Amino acid sequence: MVYNLKEIFDYFDADGTFLKGEPYGSGHIHDTFRIETVEAEKDDYILQRLNNRIFKNIPELQHNIERVTVHLRNKLSSIPGSDIKRECLQLIPTGEGKTWLVDNDGNYWRMYIFISNHHSFNVVDSPDEAFEGGKAIGRFQAMLSDMPGGQLFETIPSFHDIEKRLEAFFKKVNENPVGRVESVKKEIDQISRRTDEMKIILRLGKEGKIPLRITHNDTKFNNILLDENNKALCVIDLDTVMPGYIHYDFGDAIRTAANTTSEDEDDLSKVKMDISLFKAYAEGYLSETISTLNDIEIEYLAFAPKLITYTIAVRFLTDFIDGDNYFKIHHKFHNLQRTRAQLSLVMSMEEQYEEMKKIIRNLT
Ligand code: ADP
Ligand code: GN1
Ligand code: MG
């Protein structure tokens, strides 16, 4: 689809003149464009066509992001030396004062200042980067822990609820809408064998042993920007910030930060969890959060990466069986390739589980 990006850009109250817009980043949900401005000294922007099939209530979604970013900016303003424009997403309102726009074709758009000179990683190269990512998420959770104004809107209900995700998965397996089930029997079996153990975090929540907190819920490493020196800079992609268990954020970050290769690696022999990256991320994360977590939350941190990697595998395979209606794909078997890579990663985590538990014990 070709959009008139200049016309859309001009509806927003930006400082600077549109020069050009190009697709940007590797997110799986929205259509994201980087807008460059004519004036060298003025900001560039990120313009996004929002996926309103997935996020069904864009005004409430945007209201969440306004609340979260206002709160983060207030916090940052009391920290000497902070670079507020780069450490927190900044929404640009339209001329009418709203933080989103609906175009004549019914597309929803929003715009942020482009965070300059950042580094973004799909695969993490070193323990130092993993440590910084852990610090960024820990600090993010800590800063949001006292956000006023009541609960955030649940932008995608039951987002990480593995019981509901499995129900949806087995329903699709039974329906077999596009005839792909026969070809994925092995993966269905790998998922089926692990269903019971994956429900433990939900159970601990229901028993009141771990609290719901404000969590990010999509802490894949490319949603954490590092600065030019690879120090923690900014947590982006705030669409799913809402109540959750801290295990969801810890688990999703390890799924991506400690994987030795990309999320959709075709050569499964390369897919491994690197224990030194796990340790470094955990160190960074706990350096910001240890005083606020309860003993049970800490005890189950090592379990979290298995749960979230498994959950994402279930979601990729559900989408493959359904005919690819949710995640953006770049070829016909992309969701299956992603599923296989994520299941391999779960197995690598299972092999190293005792070591992961030991590392968390030693850090706390
Ligand atoms: P998706 O939900 O599709 O992943 P994101 O909001 O994460 O969408 O944006 C996609 C990508 O665009 C990010 O991974 C990042 O590379 C880039 N991006 C998003 N917002 C900004 C920003 N304010 N500054 C710089 N890059 C950004
Ligand atoms: C999506 O938006 P993005 O690309 O950062 C997805 C996450 C998955 C991830 C898998 C709203 O994240 O839940 O973990 O893909 N986001 C949504 O790569 O579903
Ligand atoms: Mg993203």
Side-chain angles (χ1 to χ4, degrees), residues 14 21-36 43-56 58 61-62 64-65 69 72 84-92 108-123 154-162 165 168 215-227 233-242 244 248-249 251-257 259 262-265 305 307-319 325-330 334-335 337-339 341-342 345:
E22 307 273 357
Y24 191 81
S26 48
H28 295 344
I29 304 299
H30 305 302
D31 293 333
T32 299
F33 303 90
R34 176 180 178 168
I35 308 295
E36 288 182 46
D43 290 315
D44 286 346
Y45 295 89
I46 283 282
L47 184 59
Q48 291 184 305
R49 188 181 79 94
L50 300 175
N51 188 325
N52 64 323
R53 269 186 312 114
I54 292 180
F55 293 101
K56 298 199 187 311
I58 301 288
L61 163 78
Q62 288 297 102
N64 273 6
I65 297 181
T69 52
L72 291 175
I84 296 181
K85 214 157 123 185
R86 294 171 72 222
E87 290 180 37
C88 179
L89 281 176
Q90 169 79 63
L91 282 165
I92 305 296
Y108 285 78
W109 296 87
R110 77 170 164 222
M111 200 156 85
Y112 290 119
I113 293 180
F114 181 85
I115 296 172
S116 57
N117 298 321
H118 71 261
H119 290 169
S120 159
F121 298 86
N122 288 329
V123 179
E154 217 180 337
T155 53
I156 302 182
S158 309
F159 190 54
H160 286 305
D161 182 324
I162 189 59
R165 292 288 184 188
T215 47
H216 181 283
N217 298 304
D218 191 1
T219 50
K220 131 164 140 179
F221 209 84
N222 69 15
N223 289 328
I224 306 168
L225 304 184
L226 304 187
D227 71 9
L233 180 62
C234 184
V235 177
I236 63 166
D237 202 345
L238 305 179
D239 300 324
T240 50
V241 179
M242 55 187 167
Y248 298 153
D249 285 0
D252 203 12
I254 296 297
R255 175 182 80 80
T256 45
N259 188 354
S262 56
E263 172 184 78
D264 59 353
E265 176 62 56
L307 168 65
I308 291 296
T309 309
Y310 174 87
T311 305
I312 305 297
V314 170
R315 292 175 56 199
F316 284 149
L317 192 56
T318 307
D319 200 29
N325 295 307
Y326 188 97
F327 296 103
K328 279 178 194 255
I329 52 165
H330 304 298
H334 206 167
N335 273 319
Q337 190 174 313
R338 289 167 173 156
T339 306
Q342 295 301 296
L345 188 58

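Note that the structure is predicted; figures quoted are calculated from it, not measured. FYI, the numbering just counts along the sequence from 1. Note that ligands are numbered from 1 as they come in the structure, with each ligand's atoms numbered from 1 the same way. Excluded from the calculations below are hydrogen atoms, water molecules and symmetry mates; all remaining heavy atoms, backbone and side chain alike, are included.
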Output the list of atoms in ligand 2 that are nearer than 4.0 Å to some heavy atom of Phe316, sorted by atom number.
10 (C)
Give the residue, atom name and distance (to 0.1 Å) of the protein heavy atom nearest atom 15 (O) of ligand 2.
His28 CD2, 3.4 Å
Is a side-chain N or O of Asn222 found less than 3.5 angstrom from the main chain of Phe121, in a donor-acceptor match?
no
If hydrogens are left out, which of Leu238, Ile236, Ile115 has an atom nearest to atom 15 (C) of ligand 1, that is, the closest non-hydrogen atom?
Ile236
Is there an N/O/S atom in Asp237 that lies less than 2.8 Å from the Mg ion (ligand 3)?
yes
Mind checking whether Leu89 and Ile65 have side chains closer than 4.5 Å, heavy atoms only?
no
Within the 3.5 Å criterion, strictly below it, is a donor on Asp239 or His30 matched to an acceptor on the partner's side chain?
yes
For the side chain of Asn223 and the backbone of Asp218, is there at least one donor-acceptor N/O pair under 3.5 Å apart?
yes
Only heavy atoms of Asn223, strictly under 4.0 Å: list the atoms of ligand 1 that pass.
7 (O)
Give yes if a backbone or side-chain nitrogen or oxygen of Tyr24 is under 3.5 Å from a nitrogen or oxygen of ligand 1, and no if not.
no
Decide whether the shortest distance between a heavy atom of Asn223 and an atom of ligand 2 is less than 4.0 Å.
yes
To the nearest 0.5 angstrom, please state how far the CG atom of Asp319 sits from the NZ atom of Lys328.
13.0 Å
In this structure, atom 12 (O) of ligand 1 is nearest to the protein heavy atom Thr32 CG2, 3.6 Å
Using atom types as modelled and distance alone, determine if a side-chain donor or acceptor of Arg165 lies under 3.5 Å from a backbone N or O of Phe159.
yes
Look at ligand 2 and say whether Arg315 reaches it with a heavy atom at a distance under 4.0 Å.
yes
What I'd like to find out is whether the side chain of His160 reaches to under 4.5 Å of the side chain of Thr215, using heavy atoms alone.
no
Could you tell me whether Ile29 approaches ligand 1 through its side chain, its backbone, both or neither, with non-hydrogen atoms closer than 4.0 Å?
both
Geometric class of the His330/His334 ring pair [parallel <30°, tilted 30-60°, perpendicular >60°]
tilted
I need the contact type for Asn217 against ligand 2. Using non-hydrogen atoms and a strict under-4.0 Å cut-off, is it side chain, backbone, both or neither?
neither
To which protein heavy atom is atom 14 (O) of ligand 1 closest, and what is the distance rounded to 0.1 Å?
Asn222 O, 3.5 Å
Quick one, Met242 and Asn217 - any side-chain contact, counting heavy atoms below 4.5 Å?
yes
Are the side chains of Phe114 and Tyr24 in contact, using a 4.5 Å heavy-atom criterion?
yes
Which heavy atom of the protein is the closest neighbour of atom 21 (C) of ligand 1, given with residue, atom name and distance?
Ile46 CG1, 3.5 Å
How far is atom 16 (N) of ligand 2 from the closest protein heavy atom, and which atom is that?
Asp218 OD2, 3.4 Å
Any atoms of ligand 1 less than 4.0 Å from a non-hydrogen atom of His28? List them with their elements.
3 (O), 4 (O)
For ligand 2, is Arg255 a contact, meaning one of its heavy atoms is under 4.0 Å away?
yes
min-distance protein heavy atom vs atom 14 (O) of ligand 2 -> Ile312 CD1, 3.1 Å
Going by atom types only, do Gln342 and Thr309 share a side-chain donor-acceptor pair under 3.5 Å?
no
Could you identify the single nearest non-hydrogen protein atom to atom 10 (C) of ligand 2 and state the distance to 0.1 Å?
Glu263 OE2, 3.3 Å
Atom 11 (C) of ligand 1: closest protein heavy atom, distance to 0.1 Å, is Gly25 CA, 4.2 Å
Look at the N, O or S atoms of Asn222, main chain and side chain alike, and state whether any lies under 2.8 Å from the Mg ion (ligand 3).
no
So, Asp43 and Lys85, do they make that salt bridge, N to O below 4.0 Å?
yes
What residue and heavy atom of the protein are closest to atom 23 (N) of ligand 1, and at what distance?
Ile113 O, 3.0 Å
Look only at the side chain of Arg86 and the backbone of Cys234, and say whether a donor-acceptor pair between them is shorter than 3.5 Å.
no
Give the atoms of ligand 2, by number and element, whose distance to some non-hydrogen atom of Gly27 is under 4.0 Å.
4 (O)
Applying a 4.0 Å heavy-atom criterion (strictly less than), which segment of Leu89 is in contact with ligand 1: side chain, backbone, both, or neither?
side chain
Quick one: look up the protein heavy atom nearest atom 9 (C) of ligand 2 and list residue, atom name and how far away it is.
Lys220 NZ, 3.7 Å
Just to confirm my output: which protein heavy-atom neighbour is closest to atom 3 (O) of ligand 1, and how far is it?
His30 N, 3.0 Å
In terms of residue, atom name and distance, what is the protein heavy atom nearest to atom 17 (C) of ligand 2?
Tyr326 OH, 3.5 Å
Determine yes or no for a side-chain-to-main-chain donor-acceptor pair under 3.5 angstrom, with Thr219 supplying the side chain and Asp249 the backbone.
yes
With the side chain counted from C-beta on, respond yes when Tyr108 and Gln62 share a heavy-atom pair under 4.5 Å apart, and no when they do not.
no
With the side chain counted from C-beta on, respond yes when Leu91 and Met111 share a heavy-atom pair under 4.5 Å apart, and no when they do not.
no
Counting heavy atoms only, which of Lys220, Gln48, Met111, His118 is nearest atom 6 (O) of ligand 1?
Gln48
Atom 1 (P) of ligand 1: which protein heavy atom is closest, and how many Å away?
Asp237 OD2, 3.6 Å
Which ligand 2 atoms are under 4.0 Å away from a heavy-atom of Phe55?
11 (C)
Between Phe114 and ligand 1, does any nitrogen or oxygen pair lie at a separation below 3.5 Å?
no
Closer than 4.0 Å to some heavy atom of Asp237 - which atoms of ligand 2 meet that?
2 (O), 3 (P), 5 (O)
Side-chain (Gln337) to main-chain (Asp264) donor-acceptor, under 3.5 angstrom:
yes
With a 4.5 Å limit on heavy-atom distance, are the side chains of Phe33 and Ile46 in contact?
no
Ligand 1 versus Asp218, non-hydrogen atoms closer than 4.0 Å: side chain, backbone, both, neither?
neither
